[in-house]
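Note sheet for the following structure.
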Amino acid sequence: MCGIIGYVGKKKNAIHVLINGLKALEYRGYDSAGIAYMENNKINIIKEQGKIKNLEEKIDFKIKSNLGIGHTRWATHGKPCVINSHPHKVGKITIVHNGIIENYEELKKILIQNGYSFKSETDTEVICALIDKLYNEKNDMIQVLDKCRNLLKGSYALGIINDDQPNTLYAIRKDSPLIIAIGENENYISSDVPAILDYTNKYILLDNNEIAKLTDSKIDIYNINNEIITKKIKTFEWNIEKTLKNGYDHFMLKEINEQPEVIKDTLLPYISNGYKSLLNNMPCFKNYEKIDIVACGSAYHAGLIGKYLIEKYADIPVNVEIASEYRYKKLFINNKTLVIIISQSGETADSLAALRKAKEHNIDTLAIVNVVGSSIAREAKDVLYIKAGCEIAVATTKAYSAQVAMLGLIALNIAKSKKKISNQKIDNFIQDIDTLINEMKKLLKNENYLKIAKNIYNKNNLFFIGRKIDYALAMEGSLKLKEISYIHSEAYPAGELKHGSISLIEEKTPVFAIVTDKSIAEKTISNIKEAKARGAEVILIITDELDREADFYDEKIVIPKINDLFQPLLSIIPLQLISYEVAKLRNCDIDKPRNLAKSVTVE
Ligand code: M6R
């Protein structure tokens with residue numbers, strides 16, 4: 001969601017850095033893009049609707065510049081168009097912005113009374129005018145930005161250039177991500193690390209309400225009291241090779257194929273040598289009597305799988321909630337409740353707000369996060385990192401699987417701390433890891449996915465059904481298909497279909513049916529037969545132990561049976577790859593689906 005890049009330095013041409021950076025931030029989702037660069041002490045702004053290549057066509061790359069800011073916009077205030085795109089310039093101030101200003105209408109009225117007029121519908125232009133007004137009064141950018149942070153309500157990461165300072169870049173943030181990257185005689189700002197990885201892997205995390213002043217040779221960070229502070233320089237560990245496609249057609253396909261490695265890397269720190277048994281290196285879960293899992297999208301679906309596993313093995317109630325609901329609802333929590341927040345990016349605005357709400361109630365919080373040092377990781381009491389590496393495709397695959405794997409480990413740890421499971425049983429789970437990895441690799445190579453995709457890619461409507469853990473998988477399968485192929489689908493608990501939605505099933509409506517849980521398999525199969533009797537074209541995903549020759553399905557993918565903890569990691573692979581093949585047949589923009597952003601940093 002909105003990407004920011006900024007450069008100050010004499011070593012490179014700012015224009016090249018900005019365009020490269022914007023391309024690296026494309027995965028965040030956007031509908032227009034723009035840059036502002038300093039040329040002969042004058043700011044030039046170029047903006048365009050649509051893809052970055054439209055913007056590139058308007059740029060003269062021979063121009064030399066040593067200072068600039070760039071932006072990919074995901075529309076919030078005002079439609080996607082050139083006027084609403086960033087950068088915005090008012091008076092001497094040019095800015096790019098990620099976030100939402102809640103009191104912009106109020107501020108706009110005051111600014112209009114002070115003689116300002118506005119071209120766009122954006123909240124960003126209002127910030128720009130506000131900074132210009134304050135600068136005309138105070139003439140000192142640090143004091144201006146200090147005042148500004150007291151006046152703005154909402155979330156923002158800002159890159160700012162002042163006409164009077166052609167060699168200086170300013171930045172400030174609150175609740176929207178921004179890093180300061182460090183080069184030699186050059187410095188950068190960016191929403192995320194991939195945008196600067198071509199140049200440096202050294203960076204500083206700008207914290208809420210801090211102001212950064214960057215020149216080519218110096219970075220000053222000011223705290224809330226306007227004192228210069230020393231910040232820790234971090235080194236980014238994922239390398240650029242790992243963020244490239246490595247020969248795959250799409251990042252999504254590459255990331256699906258990375259899952260065996262990612263699962264191994266995620267589990268490894270918590271088990272002893274040679275995949276033998278569980279290590280005691282997780283937070284202590286002994287005192288919790290209830291767990292709330294809170295997340296959005298696929299992370300929420302991973303949470304639903306966590307609920308089944310924790311309730312089954314640790315025998316305590318787990319409530320799974322969508323973060324945008326949880327943050328506003330009455331909570332039933334006490335000092336024996338643990339709130340687990342799951343987030344790949346660690347920056348999802350609703351998940352972050354839910355975390356803060358739990359903390360306000362003095363409840364223990366645990367974050368399951370991929371991006372190291374992200375806001376959720378930093379603010380939670382404890383954090384467990386999944387080791388998915390950089391996930392570029394908007395549709396999550398490897399991070400989702402790693403979240404599921406981590407929740408399985410948490411289930412075992414809680415069960416162990418509550419003496420609900422024997423050591424032998426835990427060891428049996430752990431010792432299945434090699435089998436899991438091998439079976440994942442085999443499933444990735446199954447050749448039936450394309451055949452199934454060819455049968456369904458021109459349908460308008462389909463269903464995913466399952467019961468218990470298979471229903472949670474159905475939800476993720478349905479979301480994957482929807483987000484990248486734009487085909488409408490619904491996930492249903494198999495037993496619920498006949499309470500209304502079965503009326504939508506007609507001749508050849510595709511129904512994906514997932515059957516991996518022996519305890520409920522026959523019930524699900526009865527529901528599949530009900531759908532089949534109404535014309536459904538059933539695509540059955542079934543474990544080998546439950547497989548049978550029968551006439552209630554049209555296509556079948558048989559997956560190996562493994563223990564409950566690891567089963568979802570196998571079952572999800574066909575669903576991911578069929579969605580991918582469908583989206584490819586429909587010529588969709590698989591890695592950057594329309595209207596979506598990788599990291600949803602606004603409410
Ligand atoms: O970064 P997060 O895990 O907090 O993101 C949560 C959702 O926005 C995310 O899982 C989204 O649903 C994905 N696009 C699904 O593929």
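Whatever order the structure lists them in is the order used to number ligands and atoms, beginning at 1.
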Item to check | For atom 8 (O) of ligand 1, the protein heavy atom that lies nearest, with its residue and separation | outcome: Val600 CG2, 4.1 Å
Checklist entry - If you round to the nearest 0.5 Å, how far is CG of Leu407 from CD1 of Ile340? => result 6.5 Å
Next on the checklist: Is the distance from the ring center of Phe464 to that of Tyr492 below 6.0 Å?
Outcome noted: no
Checklist entry - Which atoms of ligand 1 have any heavy atom of Ser343 under 4.0 Å away? => result 1 (O), 2 (P), 3 (O), 4 (O)
Next on the checklist: Below the 3.5 angstrom mark, is there an N/O of Thr396, backbone or side chain, next to an N/O of ligand 1?
Outcome noted: yes
Checklist entry - In the protein, what heavy atom is nearest to atom 3 (O) of ligand 1, and what distance, to one decimal place, separates them? => result Gln344 N, 2.6 Å
Item to check | Salt bridge Lys254-Glu258, side-chain N to carboxylate O under 4.0 Å | outcome: yes
Checklist outcome for this item: In ligand 1, the atoms that come under 4.0 Å of a heavy atom of Val394 are 13 (C), 14 (N), 16 (O)
Next on the checklist: Please tell me whether His301 and Tyr400 form a close aromatic pair, meaning their ring centres lie under 6.0 Å apart.
Outcome noted: no
Checklist entry - Which residue owns the protein heavy atom closest to atom 10 (O) of ligand 1, what's the atom, and how far is it? => result Ser298 N, 3.1 Å
Item to check | Residue Ala395 vicinity, atoms of ligand 1 by number, heavy atom under 4.0 Å | outcome: 16 (O)
Checklist outcome for this item: of all protein heavy atoms, closest to atom 6 (C) of ligand 1 is Cys296 O, 3.4 Å
Item to check | Whether Lys480 lies under 4.0 Å from ligand 1, heavy atom | outcome: yes
Checklist entry - Does some side-chain heavy atom of Asn98 sit less than 4.5 Å from a side-chain heavy atom of Pro177? => result yes
Checklist entry - At under 4.0 Å between heavy atoms, which part of Glu483 makes contact with ligand 1: side chain, backbone, both or neither? => result side chain
Checklist entry - Distance only, no hydrogens: is a donor on one side chain within 3.5 Å (strictly under) of an acceptor on the other, for Thr601 and Glu347? => result no
Item to check | Electrostatic pair Asp470-Lys468, nearest N-O below 4.0 angstrom | outcome: no
Checklist entry - Who's the nearest protein heavy-atom neighbour of atom 2 (P) of ligand 1, and how far? => result Thr348 OG1, 3.2 Å
Item to check | Numbered atoms of ligand 1 (with element) below 4.0 Å of Ala299, judged on heavy atoms | outcome: 3 (O), 10 (O)
Item to check | Nearest-contact summary for atom 1 (O) of ligand 1 - protein heavy atom, Å | outcome: Ser345 OG, 2.6 Å
Checklist outcome for this item: The reported gap from CD1 in Ile368 to CD1 in Ile293 (rounded to nearest 0.5 angstrom) is 7.0 Å
Checklist entry - Does any non-hydrogen side-chain atom of Gln576 lie less than 4.5 Å from one of Ser401? => result yes
